[in-house]
Amino acid sequence: MYRTIDDFISDYRIESGNTLKILHHIDPAKKHLKINDNIRSMERLSWHIIQAASEMMFRSGLQESDDLEWKPIPDKLGDIENTYQHLTEKLLSMVKSRWTDSVLAEKIEMFGESWSKGSLLRSLITHEIHHRAQMTVVMRYFGSLVPGLYGPAREEWANYKMPAME
């Protein structure tokens with residue numbers, strides 16, 4: 001749970017930057033491919049991250065409506081990236097201007113449960129990390145380059161003139 005707005009903003013800037021790295025590395029020719037029927041495609045995972053953030057913003061009272069609830073996945077990956085960037089900046093702006101540190105302990109109804117606003121912010125980030133991890137597995141499965149997020153990816157160790165870690 002977050003106890004300060006600034007801590008959330010600092011973490012979300014890092015994590016949204018990592019999400020943008022993944023979005024930027026999606027191969028347009030493979031964006032629609034699925035490993036199997038129970039795993040979403042890269043474009044669907046990307047759009048789910050965006051739609052879920054919009055939904056959480058609405059359910060938490062940060063915005064009046066869920067503007068992306070029924071929107072289809074954009075055809076172009078650039079449009080997905082741009083929507084994500086726009087939504088991220090909107091989210092950060094709204095949290096900073098509408099909430100204070102003192103309201104982060106307040107409870108709100110979220111998905112049939114009672115969450116603190118600080119817990120909602122943590123869930124927003126962990127939800128994004130969870131689906132971003134799924135995306136890296138799908139990328140590897142289809143032979144796409146996976147960027148390092150918390151350190152070098154397997155392919156990036158050569159840049160450090162070191163063997164990839166096992």
Between the main-chain N or O of [Y] and the side-chain N or O of [X], is there a donor-acceptor pair closer than 3.5 Å?
X: Q51; Y: K71; answer: yes
X: R98; Y: L62; answer: yes
X: E109; Y: G112; answer: yes
X: W99; Y: M94; answer: no
X: E156; Y: A153; answer: yes
X: S93; Y: E89; answer: no
X: Q63; Y: S54; answer: yes
X: S123; Y: S119; answer: yes

Look up atom [atom1] in [X] and atom [atom2] in [Y], then write down how far apart they are to the nearest 0.5 Å.
X: E55; Y: S60; atom1: CD; atom2: OG; result: 10.5 Å
X: D27; Y: H32; atom1: CG; atom2: NE2; result: 10.0 Å
X: L92; Y: S97; atom1: CG; atom2: OG; result: 10.5 Å

Of all the heavy-atom pairs spanning S65 and F58, show the shortest one and how long it is.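 Where S65 meets F58 most closely, the heavy atoms are CA-CD1, 3.4 Å.
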Side-chain contact, heavy-atom cut-off 4.5 Å: [X] with [Y]?
X: K31; Y: S41; answer: no
X: K107; Y: W115; answer: no
X: K34; Y: I39; answer: no
X: L23; Y: I49; answer: no
X: D101; Y: R3; answer: no
X: D6; Y: K96; answer: yes
X: E128; Y: Y84; answer: yes
X: T100; Y: V103; answer: yes

Evaluation steps, side-chain contact (heavy atoms from CB on, under 4.5 Å), between F111 and M56: CA-CA 10 Å; F111 308 113; M56 287 184 182; 4.3 Å; yes
Give me the one residue out of D11, T126, D7, L104 that meets side-chain contact (heavy atoms from CB on, under 4.5 Å) with L121.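 Exactly one pass, corresponding to L104.
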Full working for side-chain contact (heavy atoms from CB on, under 4.5 Å) between S46 and I26: CA-CA 10 Å; S46 303; I26 296 172; 3.4 Å; yes
Taking only distance into account, with no hydrogens and no angle test, what donor-acceptor pairs under 3.5 Å do side-chain atoms of residues 135-151 form with protein atoms, sequence neighbours excluded?
unit_1 : atom_1 : unit_2 : atom_2 : d
T136   : OG1    : A133   : O      : 2.7
R140   : NH1    : E155   : OE1    : 3.4
R140   : NH1    : E155   : OE2    : 2.5
R140   : NH2    : E155   : OE1    : 3.4
Y150   : OH     : E15    : OE1    : 2.5
Y150   : OH     : E15    : OE2    : 3.1
Y150   : OH     : R132   : NH2    : 2.7

Determine whether more than 12 heavy atoms belonging to other residues, nucleotides or ligands lie under 6.0 Å from atom CG of N36.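 Counting neighbours around CG of N36, more than 12 heavy atoms of other residues, nucleotides or ligands fall under 6.0 Å, so yes.
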Over 12 non-hydrogen atoms of neighbours within 6.0 angstrom of CG in D75: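 No, CG of D75 has 12 or fewer neighbouring heavy atoms, counting only those of other groups under 6.0 Å.
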State plainly whether one hydrophobic cluster holds both [X] and [Y], where clusters connect Ile, Leu, Val, Met, Phe, Trp and Tyr through side-chain heavy atoms under 4.5 angstrom apart.
X: Y160; Y: M165; value: yes
X: M42; Y: L68; value: yes
X: L45; Y: I35; value: yes
X: L33; Y: L77; value: yes
X: I129; Y: L87; value: yes

For a side-chain contact (heavy atoms from CB on, under 4.5 Å) check, start with the C-alpha distance between V95 and Y12, then their side-chain angles and the critical distance, and finish with the verdict. CA-CA 11 Å; V95 167; Y12 196 58; over 6 Å; no
Given the rule in the side-chain contact (heavy atoms from CB on, under 4.5 Å) test, do Y2 and L120 qualify, once you have shown the distances and angles that lead to the verdict? CA-CA 9 Å; Y2 282 99; L120 167 102; over 6 Å; no
Partners of K90 by salt bridge (charged side-chain N to carboxylate O under 4.0 Å, His left out), sequence neighbours excluded?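 If we apply the salt bridge (charged side-chain N to carboxylate O under 4.0 Å, His left out) test to K90, skipping adjacent residues, the hits are D67.
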Could you go step by step and tell me if K76 and E43 meet the salt bridge (charged side-chain N to carboxylate O under 4.0 Å, His left out) rule? CA-CA 9 Å; K76 297 178 185 169; E43 65 185 354; over 6 Å; no
Describe, in one word, how the ring planes of H131 and H127 are oriented to each other, choosing from parallel (under 30°), tilted (30 to 60°) and perpendicular (over 60°).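 Geometry flag for H127 against H131: perpendicular rings.
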